[in-house]
Amino acid sequence: MGVVYEAHDRKMDKVVALKTLTRAEAAHIYRFKREFRTLADVSHQISRPFNELMTDGRNWFFTMELVKGVTFTQ
């Protein structure tokens, strides 16, 4: 449904995870917004910073704290 990138948030001056939506169709946007709201609720409960859901009209993305880990194959 999406791709996650490591990005630099210039406003907060820190590295964040940036999740982008790969298909901007109505059903996908709905699921993407629902995922954001669910993660925002969970992050609030465990004090993980969760930032913003944004769109430029065509592209959808949200930012959240970047948690370093390993790849699936590792």
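Shown here are the side-chain contact (heavy atoms from CB on, under 4.5 Å) partners of V70, two or more places apart in sequence or in another chain: Q74. By the salt bridge (charged side-chain N to carboxylate O under 4.0 Å, His left out) test, R31 is found to be paired with no residue, residues two or more places apart in sequence or in another chain being considered. In this structure, K11 has no side chain to side chain donor-acceptor pair (under 3.5 Å) partners at least two apart in sequence or on a different chain. Among residues two or more places apart in sequence or in another chain, the side-chain contact (heavy atoms from CB on, under 4.5 Å) test is passed with M12 by D9, K14, V16, N51. Taking the side chain to side chain donor-acceptor pair (under 3.5 Å) definition, one finds that N59 meets it with D56, sequence neighbours left out.
Residues I29 and L53 are members of one and the same hydrophobic cluster, defined by side-chain heavy-atom contacts under 4.5 angstrom among Ile, Leu, Val, Met, Phe, Trp and Tyr. Each of M64 and V15 belongs to its own hydrophobic cluster when Ile, Leu, Val, Met, Phe, Trp and Tyr are linked at side-chain heavy-atom distances under 4.5 angstrom.
Note on residues 7-33: pairs passing ring-ring contact (aromatic ring centres under 6.0 Å, His included), not counting sequence neighbours, are F32-F62.
With contacts defined as side-chain heavy-atom distances shorter than 4.5 Å, the pair F36/K19 does not qualify.
Taken from CG in L18 to CE in M54, the straight-line distance is 7.0 Å, to the nearest 0.5 Å.
Among all heavy-atom pairs drawn from A17 and V4, the shortest one is CB-CG1, 4.0 Å.
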